[in-house]
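Encoded as C-alpha cells, the structure appears first; notes follow it.
Heavy atoms only: backbone and side chains are in, while hydrogens, waters and symmetry mates are out. If you're wondering where the values come from, they're calculated on a predicted model, not measured in any experiment.
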Amino acid sequence: VEALNGSSIALGSKDKTVSIAATSQSDKAAGVLADESTVTINGTSTITATSNGNASAYGVRANSGSEVTLGNANVTATSKEGNGFGFILKDKAKTENGKEYHNGASINVTGATTINVTGGNDSQGVYGEYSQVTFGDNVTINATGAKDYAYAVRMLGDRNTDTKIFDENNLSRDLFVDLGTGKGDFITQLAEKFPEINFLGLEMEREVILKAARKIQEKNLKSLHYKI
C-alpha cells in the first residue's frame with residue numbers, strides 16, 4: 001500500500017481482516033508507505049514486509065507529514081542482511097531565517113498491537129524522528145536477530161519542538177483557538193467563512209482529532225490546524 005503527495009487511503013471495516021504482504025529479492029520492502037498522506041486500515045490488519053537482500057524492510061513507513069491509523073495490528077518485518085523496522089516515522093526538517101523546523105509523522109493504533117522484527121543488521125520495533133506513536137491496549141514488540149543493535153522502541157526528538165504551525169506570511173493574522181474542538185465541525189465552518197483568520201483546534205482525544213484533521217485536506221483549508 002503506497003499513499004503519496006497528499007492522498008488518502010482507507011481500507012477494511014470493523015469486523016474484517018486486511019492482509020498486506022510485500023517481498024523484495026534485493027531492494028527495500030514496505031507493507032505500508034505513506035508520504036505526506038493519510039492511511040486508515042480499519043478492523044484487523046496483518047502486514048508483512050520481507051527483503052531477501054541487504055536492503056531494509058518496513059512494516060509501516062510514515063514519512064514527514066503523514067498520518068497512519070490502524071485497528072488491531074499484526075506487523076512482521078524481516079530483512080535478511082539489512083535493517084528491519086516494524087514502524088518507522090521519518091522527519092523532514094527545513095531551515096527558515098536561520099531556524100530549523102520539524103514535521104514528523106504519526107501512527108495511531110486503536111486496538112491490540114503485535115510487532116515482530118528481524119534484521120540482518122539492525123532491528124527496531126518502532127523508530128521515530130520528531131514524530132508520535134500511540135498504542136491501544138495489549139502491545140507486544142519483539143526486535144531480534146540483529147548483528148549491530150536492537151530496539152523495541154526508539155524515538156528521537158520532541159515532535160512539538162520548533163514546529164511552525166502557521167505560514168510565515170500569515171503570522172500577523174488574528175488567531176481563533178477552539179479548546180476541546182472534538183471532530184472539528186464548528187471550527188471548520190468558521191475557517192471556511194473567515195479565510196482571513198488563523199484557526200487552531202485543540203483536542204485531547206487523538207482518535208477524534210485525526211478525524212477532524214481529514215477535513216483540512218478535504219476542504220483545502222490553509223488557515224486551520226489542529227494540535228493534541
Side-chain angles (χ1 to χ4, degrees), residues 1-12 17-41 43-94 102-109 112-133 135 139-157 159:
V1 176
E2 184 179 53
L4 305 176
N5 302 322
S7 59
S8 179
I9 295 176
L11 302 172
T17 298
V18 176
S19 296
I20 298 170
T23 302
S24 173
Q25 297 304 318
S26 59
D27 208 340
K28 298 176 182 178
V32 175
L33 171 62
D35 189 88
E36 295 185 340
S37 299
T38 300
V39 175
T40 302
I41 303 178
T44 298
S45 57
T46 299
I47 302 170
T48 304
T50 304
S51 175
N52 291 320
N54 59 2
S56 296
Y58 313 111
V60 177
R61 175 164 178 155
N63 289 339
S64 175
S66 296
E67 296 178 350
V68 177
T69 302
L70 307 173
N72 298 308
N74 301 301
V75 179
T76 302
T78 304
S79 177
K80 185 177 181 180
E81 299 178 12
N83 301 326
F85 299 90
F87 291 167
I88 180 169
L89 304 91
K90 297 290 289 183
D91 171 57
K92 181 164 59 177
K94 64 179 181 179
H102 297 275
N103 182 28
S106 66
I107 296 178
N108 177 39
V109 185
T113 308
T114 301
I115 299 175
N116 292 300
V117 180
T118 302
N121 191 32
D122 300 339
S123 293
Q124 301 191 50
V126 177
Y127 171 76
E129 301 170 350
Y130 293 90
S131 298
Q132 182 169 322
V133 179
F135 292 110
V139 180
T140 302
I141 301 175
N142 297 306
T144 59
K147 294 179 182 177
D148 195 350
Y149 54 81
Y151 293 95
V153 178
R154 187 185 185 200
M155 301 295 289
L156 306 178
R159 190 183 187 195

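- Atoms CG and OG1, from Asn116 and Thr144 in turn, are 7.5 Å apart once rounded to the nearest 0.5 Å.
- With rounding to the nearest 0.5 Å, the separation of CZ in Phe135 from CD1 in Ile107 is 8.0 Å.
- Inter-residue side-chain proximity for Ser7 and Ser37 is flagged as met; some heavy-atom pair is nearer than 4.5 Å.
- Every side chain to side chain contact (heavy atoms under 4.5 Å, CB included) that Ser123 has, sequence neighbours left out, goes to Val117, Ala143, Ala146, Ala150.
- With sequence neighbours excluded, the residues satisfying side chain to side chain contact (heavy atoms under 4.5 Å, CB included) with Gln25 are Thr23, Asn52.
- Residue Glu67 holds its CD atom at 9.5 Å from OG of Ser8, rounded to the nearest 0.5 Å.
- Within the 4.5 Å cutoff, side-chain heavy atoms of Tyr127 are placed close to those of Leu156.
- The two atoms that bring Ala29 and Thr50 nearest to each other are CB-O, 3.3 Å, heavy atoms only.
- Take Ala152 and apply the side chain to side chain contact (heavy atoms under 4.5 Å, CB included) test, not counting sequence neighbours, and it matches Ile141.
- Applying the ring pair (Phe, Tyr, Trp, His ring centres under 6.0 Å) test to residues at least two apart or on different chains, the pairs with a partner in residues 57-86 are Tyr58-Phe85.
- Separating the OG1 atom in Thr46 from the CG atom in Asn74 is a distance of 4.5 Å, to the nearest 0.5 Å.
- Residue pairs meeting the salt bridge (charged side-chain N to carboxylate O under 4.0 Å, His left out) criterion with at least one partner in residues 19-29, sequence neighbours excluded, are absent.
- Taking Lys92 as the reference, Glu36 meet the salt bridge (Lys or Arg N to Asp or Glu O under 4.0 Å) condition, with sequence neighbours excluded.
- Partners of Glu2 by side chain to side chain donor-acceptor pair (under 3.5 Å), not counting sequence neighbours: none found.
- A donor-acceptor pair under 3.5 Å is formed between the side chain of Asp91 and the backbone N or O of Asn103.
- Taking every heavy atom of both residues into account, Ala22 and Ala30 meet most closely at CB-O, 3.4 Å.
- Annotation: side chain of Gln124 is in contact with side chain of Tyr149 (closest heavy-atom distance under 4.5 Å).
- The two atoms that bring Ala105 and Asn63 nearest to each other are CB-O, 3.4 Å, heavy atoms only.
- Under the 4.5 Å side-chain criterion, counting only non-hydrogen atoms from C-beta, Val109 is in contact with Phe87.
- Legend: residues meeting side chain to side chain donor-acceptor pair (under 3.5 Å) with Thr69, ordered by chain and number and at least two apart, are absent.
- For Lys90, the salt bridge (Lys or Arg N to Asp or Glu O under 4.0 Å) partners two or more places apart in sequence, or in a different chain, are Glu129.
- Minimum interatomic distance between Ala77 and Ala57 (heavy atoms only, all atoms of both residues): CB-O, 3.9 Å.
- Remark: Thr17 engages no residue in a side chain to side chain donor-acceptor pair (under 3.5 Å) (not counting sequence neighbours).
- Listed here is the closest heavy atom pair of Ser79 and Ala55: OG-O, 2.5 Å.
- In this structure, Ile41 and Ile20 have side chains that are in contact, with non-hydrogen atoms separated by less than 4.5 Å.
- The side chain to side chain donor-acceptor pair (under 3.5 Å) check on Thr48 picks up nothing, with sequence neighbours excluded.
- Side-chain atoms of Asn83 come within 3.5 Å of backbone N or O of Asp122 as a donor-acceptor pair.
- Take Thr140 and apply the side chain to side chain contact (heavy atoms under 4.5 Å, CB included) test, not counting sequence neighbours, and it matches Thr114, Asn142.
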